[in-house]
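Here's the structure we're looking at; comments come further down.
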Protein chains: 2
Amino acid sequence: MATRTDAPTRREQILKEAARLFAERGFHGVGVDEIGAAVGISGPGLYRHFAGKDAMLAELLVGISGQLLTGGKRRVAEADGGAEAVLDSLVEGHIDFALDDRPLITLHDRELDRLRDSDRKLVRQLQRQYVELWVEVVREVYPALTEPTARSAVHSVFGLLNSTPHLGRPGALPGRGVTAALLHRMARGAFAAAAGDAVL
Amino acid sequence: MATRTDAPTRREQILKEAARLFAERGFHGVGVDEIGAAVGISGPGLYRHFAGKDAMLAELLVGISGQLLTGGKRRVAEADGGAEAVLDSLVEGHIDFALDDRPLITLHDRELDRLRDSDRKLVRQLQRQYVELWVEVVREVYPALTEPTARSAVHSVFGLLNSTPHLGRPGALPGRGVTAALLHRMARGAFAAAAGDAVL
DNA sequence: CAGGGAGGTTAGCGGTCGTTAACCTGGACG
DNA sequence: CGTCCAGGTTAACGACCGCTAACCTCCCTG
């Protein structure tokens, strides 16, 4: 992703605040007036930028899933070294995302069912592709894993990595690098154990 | 827990259905009429059993946290063998819970903020005690872990174990025992890796 | 300098939802 | 056999919320 130096557009401000509020109190728990207030305009002013409250959530969730998948594909294509290196790169990318965009990670697996059918199908499809990307790489590193087992393991590791919102507010943590390293180690350890490697 | 053979009371029916609906569509996404319909009575009839919709959520969340903590304490007290055996017992108990009561696991970390202040504080306190129970045992097994690191590791492993709702509907799974064993292995592998043990 | 669109504002409509009120009913029990 | 209460019912109220309508006001541009 190209680094952004220009000021965020109003649309982006709204999306960011909406993500935070949705993550904190749930989609139905947040009113449009609150979202407006969070960016300094009031309620119905949002409708100059979005078709409705649903559209904000849809754009957030589609955006998340798309970013994860795109980033994952890029890492698979670019990583040099064996399958081990690719897996490490995937883990690193997911951790970056989980640490930098906690509200989005929270929304990701919490508000999916609030979407229109078509949007939900799209998000699910992107998520599935992302999972399959991981499954392929994991099975390359650990050929002992059957496909269903590898898929379960991937979902479980996502659960592990996505636990960042529960780790206390950023600042109470030992430091970003240390936390990232811990998560990385644990994810790799979990995969290795799934494959039956000795972990004693 | 004593095994129940008698029929569930109406209160219990309501709580069970409410948990399922809350987990599926979120607290604010479910109306009292739906909850009533799920147990064969209609809307306001619920108020003969609960003070309000909030009270149902509160009872569910306090119940979950209390059960987890009580079960955890019991396992710590009863487990024979060393710290390893205690940790295995804790993991096993948490997995049983995650596999048997998926809706509750979902609610557990999703709807906490919808509670009255006093209830939320109570739930948080029970959760904290449960985490500390784990932290102590984990540090006994892996003395290399500092306390903050052990706490982070415990939260992350909870994320891993609580991923069961994402593993596909129960029936698409390879079988309960197999899944439980996989989760157990991965949890132990994650802890071992957190402590820096070789996992290659 | 006229004009028009982008991006705000406030007022208010329509629907939904939690909750209460008022009423009904069957069965346990003195 | 009368009574009373647990556990239902339907009607309706009041609050809230998403969204639209109508209007205003810069600022850019021909």
Side-chain angles (χ1 to χ4, degrees), chain A residues 6-62 103 107 110-120, chain B residues 6-62 103 107 110-120:
Chain A
D6 46 334
T9 69
R10 170 111 312 170
R11 260 184 83 87
E12 291 169 334
Q13 285 180 46
I14 295 170
L15 282 176
K16 185 182 160 193
E17 294 302 315
R20 185 179 53 82
L21 289 167
F22 289 160
E24 281 173 9
R25 302 213 289 284
F27 180 67
H28 291 294
V30 179
V32 290
D33 290 354
E34 289 177 273
I35 303 175
V39 296
I41 71 182
S42 233
L46 296 171
Y47 289 78
R48 300 287 166 191
H49 304 276
F50 294 92
K53 198 184 160 193
D54 299 353
M56 300 181 209
L57 182 64
E59 189 158 326
L60 283 171
L61 292 186
V62 172
L107 288 185
R110 188 170 297 194
E111 306 287 355
L112 181 59
D113 299 320
R114 260 54 98 196
L115 256 50
R116 285 172 34 221
D117 269 27
S118 61
D119 289 323
R120 188 172 54 247
Chain B
D6 46 336
T9 69
R10 170 85 353 142
R11 262 183 81 87
E12 290 168 334
Q13 284 181 46
I14 294 171
L15 283 175
K16 185 182 162 194
E17 293 303 314
R20 185 180 54 81
L21 289 168
F22 289 160
E24 281 174 9
R25 301 213 290 283
F27 180 67
H28 291 295
V30 179
V32 290
D33 289 355
E34 289 177 274
I35 304 174
V39 297
I41 69 182
S42 233
L46 296 171
Y47 287 77
R48 298 288 165 191
H49 303 277
F50 294 93
K53 198 183 159 193
D54 300 353
M56 300 181 208
L57 182 64
E59 188 156 328
L60 282 171
L61 292 185
V62 172
L107 287 185
R110 188 170 295 196
E111 306 286 355
L112 182 58
D113 299 321
R114 260 54 97 197
L115 255 49
R116 286 172 34 221
D117 269 27
S118 62
D119 289 322
R120 188 171 54 246

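Here is the naming used below: chain letters follow the sequence lines, and residue numbers restart at 1 for every chain.
Atom NZ of B:Lys53 is separated from atom C1' of C:dT16 by 11 Å (rounded to the nearest Å). Rounded to an integer number of Å, the gap from A:Arg11 CZ to C:dG8 P is 13 Å.
Applying the side chain to side chain contact (heavy atoms under 4.5 Å, CB included) criterion to A:Ala51, with sequence neighbours excluded, gives A:Ala55. By the side chain to side chain contact (heavy atoms under 4.5 Å, CB included) test, A:Ala37 is found to be paired with no residue, residues two or more places apart in sequence or in another chain being considered. Remark: A:Ile41 pairs with A:Arg10, A:Val39, A:Leu46 by the side chain to side chain contact (heavy atoms under 4.5 Å, CB included) rule, at least two apart or across chains. Applying the side chain to side chain contact (heavy atoms under 4.5 Å, CB included) criterion to A:Asp113, with sequence neighbours excluded, gives A:Arg120, A:Arg124. A:Arg114 meets the side chain to side chain donor-acceptor pair (under 3.5 Å) test with A:Glu111; sequence neighbours excluded. Applying the ring pair (Phe, Tyr, Trp, His ring centres under 6.0 Å) test to B:Phe50 and every residue at least two apart in sequence or in another chain returns nothing.
The shortest distance between side-chain heavy atoms of A:Leu21 and A:Ile35 falls below 4.5 Å.
The list of side-chain hydrogen bond (donor to acceptor under 3.5 Å, both in side chains) pairs with a residue in residues 36-59 of chain B, not counting sequence neighbours, reads B:Arg11-B:Glu59.
Interatomic distance, A:Glu24 CD to A:Leu107 CG, rounded to the nearest 0.5 Å: 10.5 Å. The distance from the CG atom of A:Leu112 to the CZ atom of A:Arg110 is 13.0 Å, given to the nearest 0.5 Å.
Listed in residue order, the members of residues 39-50 of chain B having a heavy atom less than 4.0 Å from DNA chain D are B:Ile41, B:Ser42, B:Pro44, B:Gly45, B:Arg48, B:His49.
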Can you name the atoms? Protein N/O to nucleotides 13-15 of chain C N/O, anything below 3.5 Å, with the distance.
none

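Mapping heavy-atom proximity under 4.0 Å, the span of DNA chain D touched by chain B runs 5' to 3' from D:dG7 to D:dA11.
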